[in-house]
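Below you'll find the structure, written out as C-alpha cells, and then a few comments.
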Amino acid sequence: MASNNIEKEIARRRTFAIISHPDAGKTTLTEKFLLYGGAINLAGSVKGKATARHAVSDWMEIEKQRGISVTSSVLQFEYEGYCINILDTPGHQDFSEDTYRTLMAADSAVMVIDGSKGVEAQTRKLFKVCGMRGIPIFTFINKLDRDALDTFDLLDDIEKELGIATCPVNWPIGSGKGFRGVYDRERRCVILYSDTEKGTKEGTATEIPVEEEDRLRGTIGDEATDKLLEELELLEGAGAEFDLTQVRGGKLTPVFFGSALTNFGVEIFLRHFLEMATSPLPRKADKGEIDPVKEDFSAFVFKIQANMNKAHRDRVAFMRICSGRYDAAEEVRHVQGGKVMRLSQPQQIMADERKILTEAYAGDIIGVFDPGIFSIGDTLCTPKQSFCYEGIPTFAPEHFARVRQIDTMKRKQFVKGVEQIAQEGAIQIFREFTGGLEEIIVGVVGVLQFDVLKYRLENEYNVEIKMENLPYEHIRWIENWQEVDVEHLSGTSDMKKVRDMKGNPLLLFVNSWSVGMTLERNKGLVLTEFSRN
Ligand code: G4P
C-alpha cells in the first residue's frame, strides 16, 4: 500500500527527454534548466562540449577513462518543489538505438527547434518514436536572437512535417537584431527581450500589457507593434485552441519561443512545462496497467551501457522506476532472470558524478552494476509479485555492413562476441535468408556503433574483423509473414531478404521508393519499421 509520502514524491516527479537536431540548443537549454534548479552555479558546465565533438578514437578514450558516458545518462534536479529528471538523448555521432530507447523511459518530451531552420532530420526521427508512444511534446523554438523564419511558417512546418497540431503559448516579436521579446497570450502582455541576464537566472523582465498600446509603441516601435497586432489577429482566427487533454495525449504541442543562449523565455517555458506535463502515468504490463502510486516497486531496463575498460567487463543497466518506492536495502525480483536479489551499487548520475542512492521513486532512473544478467526490456519488481512490462521495440537500423573475421580460426569467438554485443542492444545482427551464420550483416542506428563493434571485438574478444558497407538504408519487418509467401515475394532489384536473430524475415532496401514499389507489387503484404517481438 502506498503511503502519503510515496504519493507526494511521485506526484512531484517530471521525467522527460529533450529531442532535437544537433546544434539546435539542447545542451544550452539543459544548462539553463539546471541553473534554475541550482544544480550548477553558472551555466556552462553540464558536459564538456569538447567531449561531445571529439573524434571517434578520442571518444573511445573518454569512455574508457570515465567508465560511463555522462552524455547519455540522466540529470536530476529540484525546482520549485518539483523533482525533475532529464534524460539525455545523445545526438551527433553517438546517436544510436539507445537514443530511441531512452524515449521509452520518458513521460514527456521537450522538442527544441532552431528558429532559423525549422524541423530537421533528427528531430523528425525522434519525434516518430514519441508519436508512437503518444507522450506529450512541448516545443521550444530557440535562437530568436538570430534571424528566424516566419513564425506562421515555423508552426506550419511542425504541423505538416510531424503531423501534430500546434498551440503557441507565447508569440515572438521580431527576431535577430529586431528581436523585441515575446507576447504572453494568457496574460496578454509583452515581455521585453533583454540579453543582460546571460548566465544568470532570468530575473525580473519588463512587461507591458497589450492594452497599453501607446507605451508599447513607445518601447518597441510602431512597426513591431503593428506587426504584432496583425499577427495576433490572424492567430486568433487560425491557431488551435489550447486543450490540456490534447496536449497530454500527444495530439497538440504547446509552442514557446525564446533564446536559450541569452536566457530569454527559458524560465517561462520551464514553469508552463512543469504544470502541463504529467507525473508518471500507469504503464502497460502483461497483467494490465500498473499504477505508479498504488503499486509497489517495479522498474524496467531500458539501456545497458558496456564499460569500455578491457580490464573490467562490467556493465551498467539503466532502469526506469515505474511504480512505488525503491529501497536499496530490500530485495527485488528480476522477472526474466527468475531470481530474487539485491541490486548492486544502485546509483544516480548527477552532472559529472555518480552518487550511490538509498531510495528512489517512480519516475526516477537508476543505474545498477550488471554482471551480465540483465537484458533490455527486463522487468524488476518486489519478490511478492511477478509480471512483465511491455517489451521495448527494436528500432530500424539505418546503416548496414557485412562483417567477417579475418582469422578463420577465430570463428567461435567472433560469433560469440557479435552475439553478445547484439544482446546488449548496441548492434542488430541479421543473417542471409536461407543461410546460417557464415555471413553476418550488422545493422546500426548510428554509424559510430560500427567503430564500437570493431573496437570491442578486437579488445574484448581478440578478434579482428573486416567490414564491408552495404548500401541499404531502409529496413522493414514483415508483420504478416505467416500469411505471405516470403520466398516468392516480388520485390525490387535492390531488395534483400534477411532474417533477424529470432528468425523473423525482413527486407532491406536501398531507397524508400522500392519499399512502396514492393508493397504495390505484393497485395496484402504488411511491412513495419519496428519489431515488437
Ligand atoms: P545541441 O546540444 O542541441 O547540439 O546544441 P548546443 O546547446 O550545443 O548549441 C549549439 C550552438 O548553438 C552553440 O554554439 C550554442 O552556443 C548555440 N546556441 C544555443 N542556443 C542559442 C541561442 O538561443 N541563440 C544563439 N545565437 N545561439 C545559441 P557553438 O558556437 O557551436 O558552441 P559554443 O562554442 O558557443 O559553446
Side-chain angles (χ1 to χ4, degrees), residues 16-36 39-40 42-55 59 69-75 86-96 98-99 102-103 109-127 130 137-149 151 154 170 172-182 191-202 205 255-270 351-352 446 448:
F16 66 97
I18 306 188
I19 59 173
S20 70
H21 191 79
D23 278 347
K26 188 180 69 172
T27 312
T28 314
L29 189 69
T30 309
E31 282 167 1
K32 297 291 144 74
F33 284 167
L34 290 181
L35 179 70
Y36 296 133
I40 50 173
L42 254 190
S45 55
V46 178
K47 63 177 183 191
K49 297 269 314 204
T51 309
R53 291 188 187 160
H54 260 290
W59 179 85
S69 152
V70 174
T71 54
S72 51
S73 45
V74 60
L75 296 161
I86 305 187
L87 295 160
D88 196 7
T89 48
H92 293 271
Q93 312 170 12
D94 33 0
F95 187 84
S96 71
D98 276 346
T99 312
T102 298
L103 296 175
V110 163
M111 175 163 78
V112 183
I113 289 178
D114 182 334
S116 68
K117 304 213 168 108
V119 176
E120 294 176 88
Q122 201 152 300
T123 320
R124 209 175 292 128
K125 286 201 252 176
L126 292 165
F127 181 89
C130 296
I137 294 172
F138 299 83
T139 306
F140 185 79
I141 300 194
N142 192 28
K143 304 198 185 181
L144 265 289
D145 59 306
R146 295 235 183 108
D147 288 341
L149 302 173
T151 314
L154 278 167
N170 57 29
I173 305 166
S175 67
K177 286 206 172 66
F179 187 44
R180 297 282 172 265
V182 292
I191 303 163
L192 292 184
Y193 173 61
S194 118
D195 64 358
T196 52
E197 306 295 331
K198 238 183 192 179
T200 66
K201 291 197 186 190
E202 226 157 273
V255 182
F256 299 77
F257 295 83
S259 159
L261 184 69
T262 59
N263 207 7
F264 182 78
V266 177
E267 196 162 18
I268 312 173
F269 174 66
L270 182 60
D352 253 344
L448 186 59

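Each ligand, and each atom within it, is numbered from 1 in the order the structure gives. Index from 1, following the sequence. Hydrogens, waters and symmetry mates are skipped; everything else that's a heavy atom, side chains included, is used.
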Any N/O pair [X]/ligand 1 closer than 3.5 Å:
X      : result
Thr28  : yes
Leu29  : no
Leu144 : no

Those atoms of ligand 1 less than 4.0 Å from some heavy atom in [X]:
X     : answer
Asp23 : 1 (P), 3 (O), 4 (O), 5 (O), 10 (C), 12 (O)
Pro22 : 4 (O)
Ser20 : 3 (O)
Lys26 : 1 (P), 2 (O), 3 (O), 5 (O), 7 (O)

Residues in side-chain contact (heavy atoms from CB on, under 4.5 Å) contact with Leu149, at least two apart in sequence or another chain: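 Leu154.
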Which part of Lys143 is near ligand 1, with near meaning a heavy atom under 4.0 Å away: side chain, backbone, both or neither?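 Both backbone and side chain.
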Does Thr27 approach ligand 1 within less than 4.0 angstrom via side chain, backbone, both or neither, non-hydrogen atoms only?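 Looking at Thr27 and ligand 1, atoms from backbone and side chain both fall under 4.0 Å.
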To the nearest 0.5 Å, how far apart are OG1 in Thr151 and CZ in Phe257?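 Interatomic distance, Thr151 OG1 to Phe257 CZ, rounded to 0.5 Å: 5.0 Å.
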Would you mind writing out the side-chain donor-acceptor pairs for residues 109-121 within the sub-3.5 Å range, not counting sequence neighbours?
from   : atom 1 : to     : atom 2 : distance (Å)
Asp114 : OD1    : Ser116 : N      : 2.9
Asp114 : OD1    : Ser116 : OG     : 2.9

Side chains of Leu29 and Asn142: closer than 4.5 Å at any heavy-atom pair?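 Sidechains of Asn142 and Leu29: no contact.
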Tell me, do Phe140 and Ile18 make a side-chain contact under 4.5 Å, heavy atoms counted?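 No, side chains not in contact.
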Going through the distances and angles, do Phe179 and Phe264 end up as a ring pair (Phe, Tyr, Trp, His ring centres under 6.0 Å)? CA-CA 11 Å; Phe179 187 44; Phe264 182 78; 5.6 Å; yes
Between Val266 and Tyr36, which heavy-atom pair has the shortest distance, and what is it?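 That closest heavy-atom pairing would be CG1-CE1, 3.6 Å.
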